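FYI, the numbering just counts along the sequence from 1. Both counts, for ligands and for their atoms, begin at 1 and track the order of listing. Values in this document were obtained by computation on a predicted structure and should not be read as measured data.
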Amino acid sequence: MEPSPSVQVALLRLNILGLPIDAGSRKEAVDAVFGALSGGDRMAIVTINAEMAMAARLDPKLAAIIRGAGLVLPDGSGVVWAARRRGVRVKKIAGVDFIHEIAEQCVEAGRGMFLLGAGPGVADEAGRFLTARHPGLAIVGMADGYFSPEAEPELCARIREARPGALLVALGVPRQEYWIADHQQELDVPVCMGIGGSLDVLSGRVRRAPAWMVAAHLEWLFRLIKEPWRWRRMATALPAFVVAALAAERQERYTEPGR
Ligand code: UDP
């Protein structure tokens, strides 16, 4: 199925390894979310890191989804590094932090939020945390992420009936991106975002890296220590991303006229 059309937001957009990365301010991104929530345009939000960028090189469907997304937020030290090498002072926007911005905009626009994904009970705990942090936020529905293909039509009907302004999908990359692309249009939800393991973090079941590690761009190391099975994926993706980004830069320098 073709990815759902998503309104493209006029932010400063960089091209890194053939993929867009929005390098505008956090405020611009937040305003874009409010615009979609209040205006009814559909917007898919992708948070990209080096692992996802490398996965997209081998996965044309994922690459097309990223290219068609309304917002592509830099959610990793690797992509921030690559953007800064182009002279743009990009700031990392972690998906788990941006959820709070979306929650605030939902309150502002008078729209509800639907949480889909993670293990049984996790969305419920995450939802309670979000409503405590954002007075006035309505969680209009929840479902865990371990549903069968047969249960999907009923799940979609539930989401449609709940009429959320924002749907957060925690099914892991790339399944959550595929799911949003395949369903956003029929669900008619203005703002959809793939959020990986964020519901586990918001529920308090998984700890986030301490602030000093985040500031030192070492969140990946914390994750690696806590979830060592990621070692192989991360150990190959980040260096491969750096090599590919440097090679692409060199290529651009040689093909740029007058240099
Ligand atoms: N998950 C899910 N259904 C599945 C597979 C995974 O709901 O069939 C959830 C899982 O419980 C976790 C999230 O998807 O909450 C994926 O988190 P992870 O940190 O692995 O995300 P990624 O690294 O892909 O961003």
Side-chain angles (χ1 to χ4, degrees), residues 19 21 44-59 61-63 65-66 69 71-80 92-99 102 113-130 139 141-152 154-156 158-159 167-183 187 192-209 213-214 218-238 240-241:
L19 299 170
I21 299 205
I45 306 175
V46 167
T47 63
I48 193 167
N49 60 14
E51 247 179 75
M52 191 186 203
M54 293 317 284
R57 300 194 104 192
L58 303 172
D59 181 342
K61 177 169 177 174
L62 180 61
I65 290 171
I66 298 170
L71 268 179
V72 184
L73 302 176
D75 182 9
S77 301
V79 290
V80 167
K92 176 174 160 172
I93 301 182
V96 67
D97 293 330
F98 203 68
I99 289 172
I102 297 176
M113 187 181 256
F114 196 110
L115 306 177
L116 168 63
V122 177
D124 190 35
E125 288 164 22
R128 264 185 271 141
F129 177 74
L130 284 171
I139 303 292
M142 281 172 266
D144 71 63
Y146 294 85
F147 50 87
S148 64
E150 296 75 47
E152 207 167 274
E154 198 196 317
L155 170 64
C156 289
R158 264 182 62 204
I159 298 174
L167 169 65
L168 306 184
V169 185
L171 298 173
V173 176
R175 195 171 151 220
Q176 61 198 19
E177 281 72 29
Y178 292 171
W179 206 87
I180 291 170
D182 292 342
H183 297 284
L187 296 176
C192 291
M193 176 161 93
I195 59 166
S198 297
L199 293 181
D200 299 294
V201 172
L202 295 174
S203 72
R205 293 189 186 204
V206 169
R207 249 190 69 208
R208 243 189 123 182
M213 278 187 115
V214 176
L218 290 175
E219 204 163 355
W220 60 270
L221 181 61
F222 180 84
R223 216 155 172 206
L224 201 56
I225 295 165
K226 290 275 171 198
E227 302 167 40
W229 59 88
R230 291 180 183 276
W231 172 250
R232 198 185 296 275
R233 224 168 77 180
M234 283 173 70
T236 51
L238 193 58
F241 174 82

(Q) For G196, is there any backbone N or O sitting under 3.5 Å from a side-chain donor or acceptor partner on Q176? (A) yes
What part of [X] sits under 4.0 Å from ligand 1 if we count only heavy atoms: the side chain, the backbone, both or neither?
X	answer
L171	both
Q176	neither
A170	backbone

(Q) Rounded to the nearest 0.5 Å, what separates atom CE in M113 from atom CD1 in I99? (A) 7.0 Å
(Q) Please report the interatomic distance CG(L116) to CE(M142), rounded to the nearest 0.5 Å. (A) 11.5 Å
How close does the nearest protein non-hydrogen atom get to [atom], and which residue and atom is it?
atom	answer
atom 19 (O) of ligand 1	R223 NH2, 2.5 Å
atom 7 (O) of ligand 1	A118 N, 2.8 Å
atom 1 (N) of ligand 1	Y146 OH, 3.3 Å
atom 25 (O) of ligand 1	G196 CA, 3.5 Å

Q | Residues D182, K61: salt bridge by 4.0 Å N-O rule | A | yes
Q) Is any N or O atom of G117, backbone or side chain, closer than 3.5 Å to an N or O atom of ligand 1? A) no
Q | Close N or O approach (R175, ligand 1; < 3.5 Å) | A | yes
Q. Any side-chain heavy atom of I45 within less than 4.5 Å of one from I102?
A. yes
(Q) Are the side chains of V122 and D144 in contact, using a 4.5 Å heavy-atom criterion? (A) no
(Q) For atom 16 (C) of ligand 1, tell me which residue out of G172, P120, P174 has the closest non-hydrogen atom. (A) G172
Q | Minimum non-hydrogen distance to atom 20 (O) of ligand 1, winning option of R230, E51, E227 | A | R230
Q: Output the list of atoms in ligand 1 that are nearer than 4.0 Å to some heavy atom of D200, sorted by atom number.
A: 12 (C), 15 (O)
Q | Cation-aromatic face contact R205/F129, 6.0 Å, 45 degrees | A | no
